[in-house]
Amino acid sequence: MLESLKQLVFEANMQLPEYGLVTFTWGNVSGIDREKGLIVIKPSGVAYETMRADQMVVVDMQGNVVEGELNPSSDTPTHVELYNRFPALGGIVHTHSTHATSFAQAELEVPCYGTTHADYFYGSVPLTRMLTPEEIDQDYELNTGCVIADTFEQGKLDPMATPAVIVRKHGPFTWGSSPMKAVENAAVLDVVCQMAMMTMGLNRDVPPAPASVVDKHYFRKHGANAYYGQKA
């Protein structure tokens, strides 16, 4: 079942250690087949060194295991909630990458200080509110997905224009049109966070990039009249 998607999700997961985004098993990637209403996700706690494509787990849109001998990632309810709330998502990544997680622990959104950020994320990467003790105690992973989705809906943010979030005291989640695009966004996010940390260290009072710069760089790559890259 969904053998090609399993292979794709497996390969996307294997890119996390390649890009230095995970330590041990601290991360996961999922992908979705919207037509079938099924999600493929990394198995929980399986080392990247021994992980195989046939170990990927298939779950439905309620998070029930449809196929697979191993337990799905413990973050599966978060992924499921985001797929249900954001219909454009094709892949989701969660890591504890060093620089993005530092923003989570410092309880800071990631300001858009320059064009590198603006090429991928339109405006600041938002920070969620803290989960309540009750939300942590009951359905923690589901509530993590809820607080992410609520952050975008309440802030009237487009999740595909800013395909990343910093979960307060936890870490980053990114997404995209495919599992591979979600991994790319996760890698870029950590670099952008590192740059932001260095920028704030050099000048703590530096303002974000002006809207004219943000708009130019984001829309030349993602807008209706985008001209970055090659035409298909």
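Side chains are part of it too, since the values below use all heavy atoms of this structure and drop only hydrogens, waters and symmetry mates. Sequential numbering from 1 along the given sequence is applied to the chain's residues.
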side-chain hydrogen bond (donor to acceptor under 3.5 Å, both in side chains) for N64 and D60? Distances and angles first, verdict last. CA-CA 5 Å; N64 302 305; D60 63 20; 3.2 Å; yes

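Salt bridge annotation for R85-D150: present, with a cationic side-chain nitrogen under 4.0 angstrom from a carboxylate oxygen. Classification of K6 and E11 as a salt-bridged pair fails, no side-chain N sitting under 4.0 Å from a carboxylate O.
Residues S73 and N28 approach most closely at OG-ND2, 3.2 Å, considering heavy atoms. Heavy-atom minimum distance, T25 versus Y48: CA-CE1, 3.9 Å. Scanning all heavy atoms of the two residues, the minimum distance from P43 to M56 falls at CD-CE, 3.6 Å. Considering every non-hydrogen atom in both Q138 and N143, the closest pair reads O-ND2, 2.8 Å. Minimum interatomic distance between V29 and P179 (heavy atoms only, all atoms of both residues): CG1-CB, 4.0 Å. Residues S124 and H117 share a closest heavy-atom pair of CA-NE2, 4.2 Å.
To the nearest 0.5 Å, atoms CG (L82) and SG (C146) are separated by 9.0 Å. Taking CG of L21 as the reference point, atom CG of L189 lies at 9.0 Å (rounded to 0.5 Å). Taken to the nearest 0.5 Å, the CG atom of D54 stands 10.0 Å off from the CD atom of E67. Atom CD1 of I32 and atom CG of L89 lie 8.5 Å apart (nearest 0.5 Å). Rounding to the nearest 0.5 angstrom, the gap separating the CG atom in N185 from the CD1 atom in I92 is 12.0 Å. Between atom CG of residue D119 and atom NZ of residue K216 there is a gap of 12.0 Å, rounded to the nearest 0.5 Å.
In this structure the side chain of P72 never reaches within 4.5 angstrom of the side chain of S44, judged on heavy atoms. Side-chain atoms of L131 and T144, non-hydrogen and from C-beta on, do get closer than 4.5 Å to each other. Between S30 and V9 there is no side-chain heavy-atom pair separated by less than 4.5 Å. Taking 4.5 Å as the limit, every side-chain heavy atom of R220 sits out of range of all side-chain heavy atoms of D215. You'll find the side chain of H79 reaches within 4.5 Å of the side chain of I41, heavy atoms only.
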Pair up each side-chain donor or acceptor in residues 155-170 with any protein partner under 3.5 Å, not counting sequence neighbours, and list the distances.
residue: D158; atom: OD1; partner: M160; partner atom: N; Å: 2.9
residue: T162; atom: OG1; partner: Y122; partner atom: O; Å: 2.9
residue: R168; atom: NE; partner: T128; partner atom: O; Å: 2.9
residue: R168; atom: NH1; partner: E107; partner atom: OE1; Å: 2.7
residue: R168; atom: NH2; partner: T128; partner atom: O; Å: 3.4
residue: K169; atom: NZ; partner: Q105; partner atom: O; Å: 2.8
residue: K169; atom: NZ; partner: E107; partner atom: OE2; Å: 3.2
residue: H170; atom: ND1; partner: Y140; partner atom: OH; Å: 3.4
residue: H170; atom: NE2; partner: H94; partner atom: NE2; Å: 3.2

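Both tests hold for K221 against Y120: distance to the six-membered ring centre under 6.0 Å, angle to the ring axis within 45°.
Counting side-chain heavy-atom gaps under 4.5 Å among Ile, Leu, Val, Met, Phe, Trp and Tyr, L142 is found in no cluster with other residues.
With ring centers used as reference points, W175 lies under 6.0 Å from F152.
Considering only residues two or more places apart in sequence or on other chains, E141 meets the side-chain hydrogen bond (donor to acceptor under 3.5 Å, both in side chains) condition with none of them.
When the side chains of ILVMFWY residues are joined at heavy-atom separations under 4.5 Å, either directly or via intervening members, F103 and Y113 end up in a single hydrophobic cluster.
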